[in-house]
Chemist: 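Handing you this structure, nothing more for now.
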Amino acid sequence: MLSTAYEVRMNMEKLTGSEIVLKSLIDQGVEVIFGYPGGAVLPIYDSLFKQNSIKHFLVREEAGSIHAAEGYAKSSGKVGVVLVTSGPGATNIVTGLTDAIMDSVPLICITGQVPQHLIGSDAFQECDTTGITRPCTKHNYLVKDVNKLSAVMHEAFEIAKNGKPGPVLIDIPKDVQFASGFYKGPKDINISSHRLFKEDVKNNKNKIEEALKLIANAKKPILYIGGGCINSGHKASELIKDFVKLSGIPSTMTLMGLGTIPASDDHSLGMLGMHGMYEANLAMHECDLMINIGARFDDRVTGRLDAFSPNSKKIHIDIEASNINKNVKVDLSIIGDIKSVINEVLNLWKKNKYSIDKQSLNIWWEKINKWKKIDCLNYNKNGDLIKPQYAIERLYEITKNRNTIITSEVGQHQMWAAQYYKFEKPKKWITSGGLGTMGFGLPAAIGAQVANPDALVIDIAGDGSILMNIQEMSTAVQYRLPVKIFIINNEYMGMVRQWQELLHGGRYSESYMDSLPDFVKLAESFKAKGLRATKTSEVDDVIKEMIETESPVIVDICVDKEENCFPMIQSGSAHNEMLLNKDQKQDAKSASKGKILV
C-alpha cells in the first residue's frame, strides 16, 4: 500500500502530472504495469518509485511490453497497462496495438512525449504518436493540460473496457508530467455518451424472438462461436453452453473462440476455418441456419465468399455494429453484449417452450457423425521421428489435469496447437488471431504468468517465431516467472514453406532457418533450463522434466522437417473444398487465385 504521507499528499494537495497518472492507475485497480523507461517518461517512473501499490515489470524491448499486457488482459479479463517512452518507444508498440485492436484486447498504453514547445520541431525521440496510432487504437489522446489528465485517464479505462474492448493510448508531454494540477477521481468525471456502447434492449428483445423462431424451424442449424464470446466474460461462455445443451445444436468455434464450448462436449465440432475440422467446415457449408455469436466472418473462415454457406439463413450476434454485413450479408442481426443477449435467448426459449424438430436434428447429426468418421486429424506416425502433432498430443495428455494456459507464436505450430490441444475452458488459449503476430507468444506467456501465478503457462512456439522476442527470456528469469517455451523445431518458417510447396512449386525462397541457435545452450545463457527431444521415445520424459522444473524452461522438440498442417482450405477455394493430406491437389484455377489471397 501507499505510505500514509504520500497517500495524504495525493488526496489533499495539487499533484504533479506524473503523480496524477499513478493515482489514476491505483484508483482504477491497476496492480501491474509492463514497461521500459526512457527520457520522456522519467517523471512517471520517479513517481512509480515512490509507491508500493503497483508492480512494474521491466521488459527488454517495448514490443514485449504490449504483448505481455495482452497476455495479462486475455488471461485475467482485466485491462493491461503499458508504459513506454517517446519516439522509438512508442513506435515499437504499434504492432502490439494493431494486434490488440484486431483481437479486441483492452489495454491502456501510456507514452511519453517531448515537451509541448518542441512538438513539431523534429526534436530528439519525437514522433507524431497520436497520428501514427490513430488507425490502430480504439481512441487516443495527446494531453496538453495537466488539469484534464485525470479525466482522460479515467475515460480511457472506460473506453478500453466498454463495448468491443480495445487499446487506448495516452500521449503525455514531459512538461505536463512535471506540471501541477488537481486530481479528479473516477466518480467525479462525466463521459460523453457517444463514446460508450449502450445496448438497445427493447429492440433486441424483438429481434431475439425473431431469431428463436428461425432456430426452432431450422432443420440443419449450427452455432458459429467466435472470440467475442470469450471477451464477454466467463458468464457468457456458461450461458452459451447452457443454450447448446438445451437446444442440441452442433457448435463450432473460431481460433479465438476455442474453450467457449469444452472440446470434450458432444456438441462441439471443434475449430472451423482454414485449418479447421472437416466436419465443422462441411457443416457450415451445408447448414440451413447459421447462428454467428461474436465472430467476424473473416477470410480464414469463409474461404471464397461467393461459395460460403450458400443455402443458409444467417443470424449475427455481435457487440460491434460495424461487423454486421461487413464481409457476409446476414438475414438478422442483433447488436449487443453476448452475455445479455444469450441470457435473454435462454429466458425466451424456456418461457415460450421452443424446440427444434428432433427427427430433423437427429438426421443432421447423423450426417455430421459420418463426416467425423473421416478422422481428419489422423497423421502418419513414423517410428522415432517426432511428428509435431504427436508432440502436442503428448503435451496435452500430460498437462490436461493441471491449471494450464497455452500461448502460441504464429505459424504451423499455432494451428497444430489449436487442433491437438483440447481446450475445456475459456481464457486458457491465448494467441494472435487477427494480425498473426510472430513473437507474440513468449511475452504473452509472461503476462499470463503474472496474472495467474499458480498456473502452468506454456508457449507453443516455432523455431522462427520464438526468435522474434527471445530477449524476453531475460524478463522471465529476472522476475522468476516459470514460463515454459515448447519449440516445435522443423528448421523452417513452416507455414511459409508449406505455402511455397503447395502454391509455388516447391520453390523454398528464404524460408529455411539456417544458423539457428542451440536452444538448450541459449536457455542456459539466460540462466534458465534447456531440454531437447530428438526422437519419439524422449518426448514424455522431456515434458515431465519441463513441468517439474520451477524456473523458466526452453524445450527444443526436433520434429519432421517436412510435415504439413492438414486439413487445409487453400486460399481461393470454397470452405468445403478441403485438402486432407499432401496427395490431394487444389484445382489450378483456385490455386492461381489463392496465390493472391495468402
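Owing to the predicted nature of the structure, the values given are computational and were not obtained by experimental measurement. Counting begins at 1 with the first residue of the sequence.
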Chemist: Look at the rings of Trp429 and Phe423 and say which category their plane angle falls in: under 30° parallel, 30 to 60° tilted, over 60° perpendicular.
Modeler: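 The arrangement is tilted - the two ring planes meet at 30° to 60°.
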Chemist: Is any side-chain heavy atom of Leu435 less than 4.5 Å from a side-chain heavy atom of Phe440?
Modeler: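 No - every pair of side-chain heavy atoms lies 4.5 Å or more apart.
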Chemist: Could you tell me if Lys326 and Asn323 have a donor-acceptor pair between their side chains, going purely by distance under 3.5 Å?
Modeler: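 Looking only at side-chain atoms, Lys326 and Asn323 do form a donor-acceptor pair, the distance falling under 3.5 Å.
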Chemist: Kindly indicate whether a cation-pi arrangement holds for Lys381 with Tyr379, taking the cut-offs as under 6.0 Å to the six-membered ring centre and within 45° of the axis.
Modeler: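 The answer is yes; both the distance and angle limits are met.
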Chemist: Check step by step if salt bridge (Lys or Arg N to Asp or Glu O under 4.0 Å) holds for Glu238 and Lys235.
Modeler: CA-CA 5 Å; Glu238 291 297 317; Lys235 181 63 175 176; over 6 Å; no
Chemist: How long is the span from the OH atom in Tyr508 to the CD atom in Gln498, to the nearest 0.5 Å?
Modeler: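 Rounded to the nearest 0.5 Å, the OH-CD separation comes to 9.5 Å.
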Chemist: Step through the shown structure and confirm whether more than 12 heavy atoms of other residues, nucleotides or ligands are within 6.0 Å of CG on Asp266.
Modeler: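 Open: at most 12 neighbouring heavy atoms sit under 6.0 Å from CG of Asp266.
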Chemist: For a quick check under 3.5 Å, do Gln500 and Ser509 share a side-chain donor-acceptor pair by atom type?
Modeler: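 Result is no, nothing qualifies.
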Chemist: Please name all residues satisfying ring pair (Phe, Tyr, Trp, His ring centres under 6.0 Å) with Tyr354, sequence neighbours left out, ordered by chain then number.
Modeler: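 Once residues adjacent in sequence are excluded, the partners of Tyr354 under the ring pair (Phe, Tyr, Trp, His ring centres under 6.0 Å) criterion are Trp349.
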Chemist: Please enumerate all residues that pass salt bridge (Lys or Arg N to Asp or Glu O under 4.0 Å) together with Lys370, with sequence neighbours excluded.
Modeler: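 Residues passing salt bridge (Lys or Arg N to Asp or Glu O under 4.0 Å) with Lys370: none at all.
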Chemist: Scan for salt bridge (charged side-chain N to carboxylate O under 4.0 Å, His left out) pairs involving residues 97-107, sequence neighbours excluded, and state none if there are none.
Modeler: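 Passing the test, one end in residues 97-107: Lys74-Asp103.
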Chemist: Would you say Glu501 and Asn564 are linked by a side-chain donor-acceptor pair, where the criterion is simply a distance under 3.5 Å?
Modeler: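 Yes, side-chain donor-acceptor contact under 3.5 Å.
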Chemist: Using a distance-only test with no angle check, is there a side-chain donor-acceptor pair under 3.5 angstrom linking Ser537 and Lys535?
Modeler: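 Side-chain D/A pair, Ser537 to Lys535: absent.
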Chemist: Give the ring-plane orientation class for His575 versus Phe308, where under 30° counts as parallel, over 60° as perpendicular and anything between as tilted.
Modeler: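 Aromatic pair His575/Phe308 classed tilted.
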Chemist: Answer yes or no: is there a side-chain heavy-atom contact under 4.5 Å between Gln389 and Cys565?
Modeler: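 No, every pair of side-chain atoms sits at 4.5 Å or beyond.
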Chemist: My understanding is that only one of Thr399, Asp540, Thr536 makes a side-chain hydrogen bond (donor to acceptor under 3.5 Å, both in side chains) with Arg394; could you say which?
Modeler: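 Only match with Arg394 under side-chain hydrogen bond (donor to acceptor under 3.5 Å, both in side chains): Asp540.
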Chemist: To the nearest 0.5 Å, what is the distance between NZ (Lys427) and OG1 (Thr260)?
Modeler: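 So the NZ of Lys427 and the OG1 of Thr260 are separated by 9.5 Å.
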